Amino acid sequence: MMVAVVPDGTGGGWCVELSAAGRPGGEQWHATDLAAEVAARERRDAPRWVWPATATSYPPLLRAGARVGRCHDVELTEALLLGAAGHWGEPRSLAAAHARLTGRPVPPDPPPRPPTPPGDTQGALFDDSPAPPSLQTLIDVYADQRARLRAVPDPGRFTLLVAAESAAALAAVEIGQAGLPWRADVHDALLVELLGEASRVGGPPRRLVELTERIAAAFGERIHPESPAEVLRAFARAGISLPSTRAWVLRQVDHPAAPLLLEFKELYRLWTAHGWSWREQWVHNGRFWAEYVPGGVVSGRWATRGGGALQIPRVVRRAVVADPGWVLVVADAGQLEPRILAAVSGDTRLAEAGAGGDMYAALAAEAFGGDRARAKVALLGAMYGQTGGAAVPALAALRQFYPAAWAFVEAAARTGETGGLVRSWLGRTSPPPSVTARVADLDPADGDSVDVPRAGAAARARGRFTRNFVIQATAAEWANTLLASLRGTLHETAGELVFFQHDEVLVHCLAGEAERVAAAVHGAAEQARVLLFGDTPVRFPLGVSVVECYVDAK
DNA sequence: AGCCTACGCGCC
DNA sequence: AAAGGGCGCGTAGGCT
């Protein structure tokens, strides 16, 4: 059972039942209270909801209590289909898809909304959303998508990709509305502990002021330590020439200011990126409110808008604390990308190594004389396209012992270097070179002559990108599939997904439910493995911790 | 004053 | 240890 639905923008919406073939196959009606209608139909026959875009269609329904099980997200599907057809980056909205279908001028997608802090009501004042599309538009585009979907190289896998992408979109709205439990008082205490007291006027906290003084003493002159240019000049006057002020460069500098600068940079970063003003902007009512954007990264990984939810520093995770009587179930897929490589490359020996708990240890025992660290740099270097450094001899060993895996990543790299497109396991297509190439790499500043060295460097960079794309994009598919499965079983518990970060999920649940939630997450990971890879020997073990505080996980 | 890029660093 | 992939975000510093 499928039901196509178009919200009318006033809390109501148009609905029509679709047949198994995707054509109107039942009653068509207008609901004045769409959320109530959706909730009732969901209870009765749990249809797959076909709608223009989960990101806009679902939030008002969920806010009104209408949680749905499955959907088809036309906009995300359109982006996948456009990519598969080599039309990467063209407008993906329902309106654009319908215009292409009917041969009319294609409207551009609306620019991405700037991040809206949760306390901000500006968004409601400037509602420039276009008129809602007609139900017929939705039906026509959906039928067209089904036809195009059957024409891709592997429709079975692509269908799973569309389902997983749509489910991820549901999960993203739900996680965003749940919010991440956040103790403002704990956050404040750790800021004071590390930074000292905040100054009243919004200036730097005490420890930063002190470090600035000590850096001045070390150089014999006052500088702004947060300015890389000033730091470089100060070192130059002290007779030390540095290529940059990066941390690993400073760590090798023998000068009394160097360790002070390293400490300053770390604390300055904490203050500006996750300090008091960040907390005031993004934390309200005991929750950190982030907005998640599934498929926001070219590889299919999620992005976020506002608050930097995917870059919460480890030290700040101390503020992520479960409610009283509740716990956090933290599940992390260990060594996900090497395991993905083992599964997709068809390398029998690497797949056997991925059947156990520690893949790097298995590689070390087999091909690296027991040196686990060397096995790790070899595998990571192969996936990222490392060409220099100490990893080179290790890469030779990898090539010799795991030739099929080596050939797989090399083929992806060669395709990219020659301007071709690569696809993930389920069929997400990489963007074409014009999208990822830097203008400076391709367009010699003056004259018409081709800049061979720079063109070569650009091709190699492109090769590293496609080499990694096939792995990273497939890993994102596995994670989305896990989420799709998990949100289907989680509702049997009181658990709620509250965070997702590439290969890690957090579930907030009653302490007594933790065991069941942990079992549900393990089951979802296994389900994702089977759905994507069938009978592969590779396993995707989860590290699961039940904790009150996020920082205590693992 | 606003726009843009480079830099640097947090996460995976 | 060094340096390969993907991001978001805040700042400095240049530009218009």
Side-chain angles (χ1 to χ4, degrees), chain A residues 112 114-115 204 223-233 242-252 261-262 264-275 277-278 281-282 290-293 295-317 332-338 340-341 373-374 376-392 394-395 409 412-413 416 422 424 430-431 436 438-440 457 460-476 479 499-505 550:
Chain A
I223 65 162
H224 294 101
E226 70 274 19
S227 166
E230 282 195 37
V231 171
L232 288 183
R233 284 196 291 270
L242 297 178
S244 76
T245 62
R246 285 188 166 86
W248 66 269
V249 171
L250 288 181
R251 243 174 254 128
Q252 297 166 335
L261 282 163
L262 285 167
F264 180 94
K265 285 156 76 83
E266 194 178 327
L267 296 179
Y268 181 77
R269 172 84 191 170
L270 175 65
W271 175 55
T272 55
H274 288 94
S277 61
W278 177 90
Q281 196 173 3
W282 302 109
E291 188 180 353
Y292 297 86
V293 186
V297 177
V298 292
S299 65
R301 275 184 172 183
W302 292 23
T304 56
R305 257 198 296 267
L310 300 183
Q311 296 110 249
I312 303 169
R314 186 171 166 77
V315 63
V316 179
R317 294 179 183 184
D332 175 304
Q335 305 171 344
L336 177 58
E337 295 198 346
I340 292 289
L341 171 60
R374 202 158 152 264
K376 183 175 177 177
V377 297
L379 207 42
L380 294 177
M383 291 190 298
Y384 290 154
Q386 185 165 0
T387 53
V392 170
L395 283 167
V409 292
V422 295
S424 68
S430 67
T436 48
R438 304 286 178 99
V439 174
R460 284 191 297 278
R462 171 87 193 152
R464 289 192 297 273
F465 169 72
T466 50
R467 173 195 292 268
N468 187 252
F469 179 93
V470 294
I471 306 298
Q472 189 183 113
T474 305
F499 192 56
F500 170 71
Q501 187 179 33
H502 308 312
D503 60 0
E504 183 177 12
V505 296
Y550 189 15

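The structure presented is a predicted model; accordingly, all values stated were derived computationally and were not measured. Chain identifiers are assigned alphabetically (A, B, ...) following the order of the sequence lines, protein sequences preceding nucleic acid strands; residue numbering begins at 1 within each chain.
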Which parts of nucleotides 7-16 of chain C does protein reach within less than 4.0 Å, heavy atoms only, written one letter per nucleotide 5' to 3' as B for base, S for sugar-phosphate only and - for none? SBSSSSS---
So, using side chain to side chain contact (heavy atoms under 4.5 Å, CB included) as the criterion, who are the partners of [X] when residues are at least two apart?
| X | value |
| --- | --- |
| A/Gln311 | none |
| A/Val470 | A/Phe408, A/Ala412, A/Val422 |
| A/Arg464 | A/Arg460, A/Ala461 |

Considering only heavy atoms from C-beta outward, does the side chain of A/Phe499 approach that of A/Ile312 to under 4.5 Å? yes
May I have the distance from [X] (atom [atom1]) to [N] (atom [atom2]), rounded to whole angstrom?
| X | N | atom1 | atom2 | result |
| --- | --- | --- | --- | --- |
| A/Glu337 | C/dG5 | CD | P | 13 Å |
| A/His502 | C/dG5 | NE2 | P | 16 Å |
| A/Leu267 | B/dC9 | CG | P | 13 Å |
| A/Phe469 | B/dC12 | CZ | C1' | 17 Å |
| A/Arg462 | C/dG6 | CZ | P | 10 Å |
| A/Tyr550 | B/dC11 | OH | P | 10 Å |
| A/Ile340 | B/dC12 | CD1 | P | 18 Å |
| A/Tyr292 | B/dC11 | OH | P | 16 Å |

Electrostatic pair A/Arg251-A/Glu266, nearest N-O below 4.0 angstrom: no
Mind checking side-chain hydrogen bond (donor to acceptor under 3.5 Å, both in side chains) for A/Ser424 and listing every partner two or more places apart, or none if nothing turns up? A/Glu477
For A/Ser299, give me all partners under side-chain hydrogen bond (donor to acceptor under 3.5 Å, both in side chains), at least two apart in sequence or on another chain. A/Gln472
May I ask you to say what [X] touches in the nucleic acid, namely base, sugar-phosphate or nothing, with a heavy-atom cut-off under 4.0 Å?
| X | answer |
| --- | --- |
| A/Arg314 | sugar-phosphate |
| A/Arg317 | sugar-phosphate |
| A/Ile312 | sugar-phosphate |
| A/Gln501 | sugar-phosphate |

State whether the distance check finds a donor on one side and an acceptor on the other, under 3.5 Å, for side chain A/Arg301 versus base B/dC12. yes
Can you name the residues that form a salt bridge (charged side-chain N to carboxylate O under 4.0 Å, His left out) with A/Asp332, not counting sequence neighbours? A/Lys554
Could you list, one pair per line, each protein nitrogen or oxygen that sits under 3.5 Å from a nitrogen or oxygen of nucleotides 2-4 of chain C, together with the distance?
from: C/dA2; atom 1: OP1; to: A/Gln252; atom 2: NE2; distance (Å): 2.3
from: C/dG4; atom 1: O3'; to: A/Arg464; atom 2: NE; distance (Å): 2.8

Just N and O in the side chain of A/Lys265: are any of them under 4.0 Å from OP1 or OP2 of B/dC9? yes
For residues 242-249 of chain A, please give each side-chain donor-acceptor pair under 3.5 Å, one per line with the distance, not counting sequence neighbours.
from: A/Ser244; atom 1: OG; to: A/Arg246; atom 2: N; distance (Å): 3.2

